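A short worksheet on the structure shown next.
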There are 2 protein chains.
Amino acid sequence: MSAGKPTLASVAKEAGVSVPTVSQVMRGTGRISEETRQKVLEAAANQRYVPDSRAASMRSGENREIGLVINQISNPFNAEVISGAVSLLESEGYMVSILDPRDDQVRQGRQLEAFIRHGRGGLLWVPAVDTPPETFDLLRTHGIPTVTFLRRVSRNCDHVGIRNAEATATATSYLADLGHRRIAYLGGSLMTYVRKERIEGYEAVLAQRGLGPGIIWPSGDDKRAGMDAMDALLVGHPDVTAVVCNGDMVALGACYSLIRSGIQPGQGVSVIGFDDIEDASVAVPALTTMAVRPNKLGQKLAQILLDRIRTPDMPVMVSDVSAELIVRETTGAPP
Amino acid sequence: MSAGKPTLASVAKEAGVSVPTVSQVMRGTGRISEETRQKVLEAAANQRYVPDSRAASMRSGENREIGLVINQISNPFNAEVISGAVSLLESEGYMVSILDPRDDQVRQGRQLEAFIRHGRGGLLWVPAVDTPPETFDLLRTHGIPTVTFLRRVSRNCDHVGIRNAEATATATSYLADLGHRRIAYLGGSLMTYVRKERIEGYEAVLAQRGLGPGIIWPSGDDKRAGMDAMDALLVGHPDVTAVVCNGDMVALGACYSLIRSGIQPGQGVSVIGFDDIEDASVAVPALTTMAVRPNKLGQKLAQILLDRIRTPDMPVMVSDVSAELIVRETTGAPP
DNA sequence: AAAGATTGATATATCGTTATATCAATTGTC
DNA sequence: GACAATTGATATAACGATATATCAATCTTT
């Protein structure tokens with residue numbers, strides 16, 4: 001009703017008590033008689049009082065605001081990771097706000113600095129490709145508990161990842177078992193750690209089975225990029241009968257390319273994706289893929305961050321989740 | 001190197017000057033000799049000093065932290081809106097952090113309260129379905145400049161929307177011109193404002209052309225939901241030859257359903273989407289849709305918020321962007 | 001009934017900034 | 001050379017909360 005926004009002081013005045021008393025009532029600490037408690041609560045409700053965490057965190061040092069820095073929030077896999085992490089953290093009374101530097105290292109730098117300026121209490125982070133080590137120093141200097149995921153950039157930082165090599169080895173073996181002899185690897189930005197690991201698994205199986213050197217095509221991470229890459233692959237290597245993809249988005253794009261070229265995914269050419277995003281099961285034909293439980297991954301992330309916040313001296317935690325082959329319609333024996 | 005994190009005081013000590021002097025140097029205000037300026041900058045760089053905006057905003061009242069509350073960040077249309085708004089705001093020195101209440105009104109309430117607690121300087125917001133009016137009062141009490149978009153819930157709040165009725169009228173007319181007589185409307189959560197407006201445009205054209213009462217099927221907003229809804233529609237109304245969809249995700253799901261039933265979208269049944277997300281042009285067959293420029297929409301949003309922040313007494317601003325019909329492969333004459 | 005323990009509240013200092021006022025030293029004016 | 005204006009810095013208070021110490025009033029204990 002009246003002027004300025006509600007503060008402890010304005011509530012204290014209305015309730016006829018001191019500021020610290022109101023503070024204690026709001027937080028449920030200290031000794032307060034039931035009578036004054038009611039008076040204070042009433043005044044607070046009346047003014048729609050909401051405590052100012054900036055002031056609180058400055059004084060108390062505690063900060064229940066977490067940042068989540070992830071590239072490409074529109075990727076459904078990422079969205080699921082976010083959802084898992086946020087649910088857990090919110091249930092513990094933290095607020096999670098999301099930043100998306102869109103894999104631009106400069107923008108990421110700016111955002112992380114803003115992040116520090118605004119005094120966050122913790123960070124969940126997929127580092128952009130080419131993140132310089134100084135960025136970690138900066139976070140450490142300002143004492144921000146950090147967990148990276150998907151991309152491991154620093155050995156001194158808690159991390160949650162995927163058993164990438166294991167997963168692509170499973171995928172490649174499966175295709176080889178079906179009888180495929182020319183198996184390509186499609187997609188992923190050239191520099192990413194994740195892609196490097198996945199290609200290792202793919203190449204290990206090729207080598208082990210004597211299927212010759214790999215055919216490896218990088219691409220962006222969306223459907224359009226996957227489609228373009230597959231178009232190019234069909235021209236450059238018409239003998240390929242199976243493709244392991246760096247992600248479901250790329251795989252779905254590749255399927256579109258095949259359909260446009262009159263090739264039925266799963267009959268003419270087999271395609272395996274990675275992630276098991278929702279589209280993978282909805283698409284026609286439904287996508288065979290290496291499924292990761294992104295929600296679980298998000299929860300694990302959040303749990304490690306909470307542990308780190310509560311036990312700062314804990315040794316570095318690293319946790320890898322594995323992926324599971326889900327066979328749908330885009331894989332079959334070679335023609 | 002040393003203990004605690006860098007502050008104005010620690011920098012001042014190292015540079016041998018007072019705290020206000022350092023503050024002035026960091027902000028480029030006041031009168032400072034070049035000599036002390038250099039001393040201070042050096043000390044600040046040496047300690048990797050980053051100002052604490054919490055303290056700054058408390059004292060100065062200025063707050064360059066903006067919240068963006070949007071449901072379903074994984075929807076590519078939303079992701080583009082976000083990108084447009086964030087780019088503009090960041091270029092003006094604001095930090096934007098994203099919250100996703102996933103259309104849950106309770107979660108939204110909790111998040112907005114946390115939002116206020118943490119003292120944000122502005123809000124871009126797609127209100128969840130069923131947002132109670134008290135939520136607006138709360139924001140007003142705490143003096144947070146707010147712009148809603150897509151869903152208009154309060155007449156007293158700045159807003160950016162889409163000319164929904166106009167767009168679906170265009171889509172429906174186009175289908176009628178092609179010769180369709182049984183045109184259904186598919187998708188959208190029952191309660192949303194957006195859907196209501198879109199159905200108005202659809203029904204207006206049906207009435208005007210004497211095409212009888214509409215056939216209206218609600219559904220969720222993702223592909224799976226669109227697929228299920230189309231499955232049901234095929235059973236319930238086998239005479240339908242064209243479908244106007246509430247969004248591209250629903251439309252793409254509907255196409256999957258048609259393909260699975262052996263019907264070619266654009267030949268057997270025509271489908272028009274809404275939004276023009278990236279998938280719309282990549283999909284096979286490519287989707288005819290009502291295109292909105294989400295990036296523009298995001299920028300407009302940001303601009304209005306900035307105006308509101310700078311001119312709090314400005315009259316309520318409402319801006320509607322129009323959508324454009326993009327004909328691709330999922331529409332054609334009825335069989 | 002005197003001494004100590006408990007209860008319910010408050011006074012004060014502090015977190016890291018910025019706004020305002022003040023102040024000494026230098027410069028300019030006539 | 002006296003007085004005002006400017007320069008370059010600092011002292012102080014405030015933002016809104018919390019931590020710590022303190023304190024009067026009440027309750028135990030023997």
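Note that the structure is a prediction, hence the values are computed from the model and not measured. A note on names: the letters A, B, ... follow the listed sequences, proteins ahead of strands, and every chain is numbered from 1.
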Taking the side chain as every heavy atom from C-beta outward, state whether [X] and [Y] have any atom pair closer than 4.5 Å.
X: A:Ile309; Y: A:Ile66; answer: yes
X: A:Val69; Y: A:Leu123; answer: yes
X: B:Trp125; Y: B:Phe115; answer: no
X: A:Asp320; Y: A:Ile162; answer: no
X: B:Glu62; Y: B:Ser57; answer: no
X: A:Ser319; Y: A:Ile304; answer: yes
X: B:Asn46; Y: B:Glu14; answer: yes
X: A:Ile70; Y: A:Asp100; answer: no

Got a sec, which pairs hit salt bridge (Lys or Arg N to Asp or Glu O under 4.0 Å) with one end in residues 294-307 of chain A, sequence neighbours left out? none
Please give, in whole Å, the distance from D:dA17 C1' to B:Asp52 CG? 14 Å
Write down the distance between CZ (B:Arg54) and C1' (D:dT18), rounded to a whole number of angstrom. 13 Å
For A:Glu34, I'd like to know if atom CD has over 12 heavy atoms of other residues, nucleotides or ligands within 6.0 Å. yes
Using a 6.0 Å cut-off, check whether atom CE of A:Met314 has over 12 heavy atoms from anything other than its own residue. yes
May I ask you to establish whether B:Arg64 and B:Tyr94 are in a cation-pi arrangement, using a distance under 6.0 Å from NZ or CZ to the six-membered ring centre and at most 45° from the ring axis?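 Ring-cation test returns yes.
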Provide a list of protein-nucleic acid N or O atom pairs under 3.5 angstrom, restricted to nucleotides 26-28 of chain D.
none

In residues 22-31 of chain B, what residues come within less than 4.0 Å of DNA chain D, judged by heavy atoms? B:Gln24, B:Arg31
Partners of [X] by side chain to side chain donor-acceptor pair (under 3.5 Å), sequence neighbours excluded?
X: B:Ser60; answer: none
X: B:His159; answer: B:Thr148
X: A:Ser189; answer: none

Distance under 4.0 Å to a non-hydrogen atom of chain B counts as contact; along DNA chain C, which nucleotides mark the start and end?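 Counting from the 5' end, contacts occupy C:dG16 to C:dA19.
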Heavy atom of residues 9-18 of chain B under 4.0 Å from DNA chain C: which residues?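 Hits under 4.0 Å, by residue number: none.
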Do any of residues 58-66 of chain A sit with a heavy atom less than 4.0 Å from DNA chain C, and if so which?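 Correct list: A:Met58, A:Arg59.
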Helix axis bend for the helix from C:dA1-D:dT30 to C:dC30-D:dG1 - C1'-based end axes, five pairs, 10° rounding: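 It works out to 40° between the end axes.
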Which residue pairs satisfy the side-chain hydrogen bond (donor to acceptor under 3.5 Å, both in side chains) criterion with at least one member in residues 66-76 of chain A, sequence neighbours excluded? none
Across the strands shown, which category fits [X] at heavy-atom distances under 4.0 angstrom: base, sugar-phosphate, nothing?
X: A:Leu8; result: base
X: B:Thr36; result: sugar-phosphate
X: A:Ser33; result: sugar-phosphate

Verdict with reasoning, B:Glu42 to B:Lys39, per salt bridge (Lys or Arg N to Asp or Glu O under 4.0 Å): CA-CA 5 Å; B:Glu42 197 178 320; B:Lys39 266 194 311 187; over 6 Å; no
Under the ring pair (Phe, Tyr, Trp, His ring centres under 6.0 Å) test, residues paired with A:Phe77 that sit two or more places apart: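 Partners of A:Phe77 by the ring pair (Phe, Tyr, Trp, His ring centres under 6.0 Å) criterion come out as none, since no residue qualifies.
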